[in-house]
Amino acid sequence: MKPFAILALAATALTLTACEENLGKGQPLNVVSGHIVMGATDDRPAVGYFRVEGGPVPVELVAVTAELAQRVEMHESVKENGVVTMKPLARASVPAKGELVFKQGGKHLMIWGINGAAVRAGKLPMAFVFTNNNNERILFDMVIKPAEGTATTGEMDHGAMDHGPAEKGAEQAAPDAAKK
């Protein structure tokens, strides 16, 4: 056999092997959309919304991080005794072939101290960490949108909510950090 034919045969075999690894597994786990709405003032946290499409097996989202933000937390808005409050989330389920949605009035991200360069660029690179094989990380650039008026758009003022003792401790430790 000629060297070119052997090379072509080897390349075809490698391609088929790679295809076989995903054969029948379906769509991979993926963050497919998302954006951040800045806080109404510099001392208010931004809020993040996104959608994850589940892969072939169920997983859990256990963290969302951003190197260009001081702190990112997962929260959920809940109504108790007629009052809407936020509770921190340690994890959120992503069903196999289903979706996980973080949206207004439900699960969402609270993001403190986004770097000014990221705000000017209009995007914040974020890492989404899941409980599969090796705690897979999916990198996704979240588009940053300016603060919206709460009276006209119906956006919830997350900064006015009680975020629990974690926020109070952070404010005492670095009161001017969110203004950078």
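Nothing here was measured: the structure is a model prediction, and the numbers come from that model. When a residue number appears, it is its place in the shown sequence, counting from 1.
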Nearest atoms (heavy-atom pairs only) where [X] meets [Y]:
X: Ala90; Y: Met74; value: O-CE, 3.7 Å
X: Thr131; Y: Arg91; value: CG2-NH1, 4.0 Å
X: Ala96; Y: Pro56; value: CB-O, 3.5 Å
X: Ala46; Y: Ile114; value: CB-CD1, 3.9 Å
X: Lys103; Y: His108; value: O-CB, 4.4 Å
X: Ala147; Y: Ala40; value: CB-CA, 3.7 Å

Note to self: Just verifying a value: how many Å separate Arg51 CZ and His35 NE2, rounded to the nearest 0.5 Å?
What the structure shows: 13.5 Å
Next item on the list: Find the distance between CZ (Phe130) and CG (Leu100) and round it off to the nearest 0.5 Å.
Entry: 7.5 Å
Checklist line | Partner set under side chain to side chain contact (heavy atoms under 4.5 Å, CB included) for Thr65, not counting sequence neighbours | finding: Ala127, Arg137
Next item on the list: Return each pair, listed once, that meets salt bridge (Lys or Arg N to Asp or Glu O under 4.0 Å) where at least one residue sits in residues 105-117; pairs must be two or more places apart or across chains.
Entry: Glu76-Lys107
Would you say that [X] contacts [Y] through its side chain, given a criterion of any heavy-atom pair below 4.5 Å between the two side chains?
X: Phe50; Y: Leu61; result: yes
X: Val47; Y: Gln104; result: no
X: Pro125; Y: Leu68; result: yes
X: Met142; Y: Ile111; result: no
X: Glu73; Y: Met86; result: no
X: Met126; Y: Phe140; result: no
X: Val52; Y: Ile138; result: no
X: His75; Y: Leu89; result: no

State plainly whether one hydrophobic cluster holds both [X] and [Y], where clusters connect Ile, Leu, Val, Met, Phe, Trp and Tyr through side-chain heavy atoms under 4.5 angstrom apart.
X: Val72; Y: Val119; answer: yes
X: Leu124; Y: Val143; answer: no
X: Val94; Y: Val57; answer: yes

Notebook entry, point to check: Just by distance, do the side chain of Asn30 and the backbone of Val32 share a donor-acceptor pair under 3.5 Å?
Noted result: no
Next item on the list: Give the C-alpha distance, both sets of side-chain angles, the deciding distance and a yes or no for side-chain contact (heavy atoms from CB on, under 4.5 Å) between Phe102 and Val64.
Entry: CA-CA 12 Å; Phe102 273 46; Val64 180; 5.9 Å; no
